[in-house]
Amino acid sequence: MAELPELQQNAVTTVRELFAALEIGAVNEALDLVDTDIVWKNTTLPDIRGSRRVAAVWRGFSRDPLGFRAEMHHIAAESSGVPAVEGETVLTERTDYLRIGPLEIGFWVCGTFELVDGRITLWHDHFSWENFLRGTAAGVWNMVRRR
């Protein structure tokens, strides 16, 4: 495996750029921000290991009729304003929105991102299935009301 050069930006910027790329379906740009051995964890769901598997999921969400966006409420790092160094952690509180055709489901997520050499090595999201179901019910209600 060829070593990638360290990204020269702070960790918060890296995480924000990841979400911006995912929202517009720029999967290749998002992949530039993650380590090839990334682990993506979601509460109660199986872990996704490796950038190739993560990319397959991201590409799925960038195809019609699916979509993704996130509203960042809080984002914090151990340090900011300096290039991300080994062991830097970024915490997020956000609302994620998954779109399936005309249905948009919004739900609260807390995320932990670990970076090494400026690249994301771990993305661990915590969410509540109850909150996800409430978001689904609200999404269905909003979809029906719009018709």
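One finds the OG1 atom of Thr136 at 6.5 Å from the CG atom of Leu103 (value rounded to the nearest 0.5 Å). Taking CG of Leu45 as the start and CG of Asp125 as the end, the distance is 10.0 Å to the nearest 0.5 Å. A distance of 9.0 Å separates CZ in Arg49 from CG in Leu122, rounded to the nearest 0.5 Å. Note: Arg52 CZ to Leu31 CG = 11.5 Å, rounded to the nearest 0.5 Å. Remark: Trp58 CH2 to Ile48 CD1 distance equals 9.5 Å, nearest 0.5 Å. Here CE of Met72 is found 10.0 Å from OG1 of Thr95. Values are rounded to the nearest 0.5 Å.
Judged purely by atom type and a 3.5 angstrom limit, Arg99 uses its side chain to pair as donor or acceptor with the backbone of Leu66. Thr13 places no side-chain N or O within donor-acceptor distance of the main-chain N or O of Gln9, the cut-off being under 3.5 Å. In this structure a side-chain-to-backbone donor-acceptor pair under 3.5 Å is present from Glu23 to Ala70. Judged by distance alone, with hydrogens and angles left aside, the side-chain atoms of Thr92 form no donor-acceptor pair with the main-chain N or O of Ile75 at under 3.5 Å. Ser62 places no side-chain N or O within donor-acceptor distance of the main-chain N or O of Ile24, the cut-off being under 3.5 Å. Arg69 places no side-chain N or O within donor-acceptor distance of the main-chain N or O of Leu22, the cut-off being under 3.5 Å.
Linking ILVMFWY residues whenever their side-chain heavy atoms come closer than 4.5 Å, directly or via other members, leaves Leu91 and Ile120 in distinct clusters. The hydrophobic cluster containing Ile100 also contains Val144, counting ILVMFWY residues as joined when their side-chain heavy atoms lie under 4.5 angstrom apart, directly or transitively. Under the 4.5 Å side-chain heavy-atom criterion for grouping Ile, Leu, Val, Met, Phe, Trp and Tyr, Phe68 is connected to Phe132 within one hydrophobic cluster.
Ion pair Arg119/Asp37 not flagged as a salt bridge, since none of the NZ, NE, NH1 or NH2 atoms sits closer than 4.0 Å to an Asp/Glu carboxylate oxygen.
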Worked verdict on Leu115 versus Thr14 for side-chain contact (heavy atoms from CB on, under 4.5 Å): CA-CA 9 Å; Leu115 291 87; Thr14 299; 3.9 Å; yes
Pair Phe107-Phe127, ring-ring contact (aromatic ring centres under 6.0 Å, His included): steps then yes or no: CA-CA 8 Å; Phe107 57 102; Phe127 68 95; 5.8 Å; yes
Stepwise salt bridge (charged side-chain N to carboxylate O under 4.0 Å, His left out) test for Arg53 and Asp47: CA-CA 10 Å; Arg53 289 184 176 156; Asp47 296 352; over 6 Å; no
Pair Trp108-His73, ring-ring contact (aromatic ring centres under 6.0 Å, His included): steps then yes or no: CA-CA 10 Å; Trp108 188 264; His73 303 293; 4.8 Å; yes
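Arg59 and Asn28 share a side-chain donor-acceptor pair at under 3.5 Å. For the 3.5 Å distance criterion, the side chains of Glu114 and Thr121 fail to qualify, holding no donor opposite an acceptor. In summary, the side chains of Asn131 and Trp129 do not present any donor paired with an acceptor at a separation below 3.5 Å, with no hydrogens or angles considered.
Nearest heavy atom pair, residue Ser51 against residue Val34, reads CB-CG2, 4.4 Å. For the residue pair Glu88 and Ala77, the shortest heavy atom distance occurs at OE2-CB, 3.9 Å.
Atom OH of Tyr97 is surrounded by more than 12 heavy atoms from other residues, nucleotides or ligands within 6.0 Å.
Evaluation of the side-chain hydrogen bond (donor to acceptor under 3.5 Å, both in side chains) rule for Glu93 yields His74 as partners, not counting sequence neighbours.
Between Phe61 and Val27, every side-chain heavy-atom pair lies at or beyond the 4.5 Å cut-off.
Separation of the Phe19 and Trp123 ring centroids falls under the 6.0 Å cut-off.
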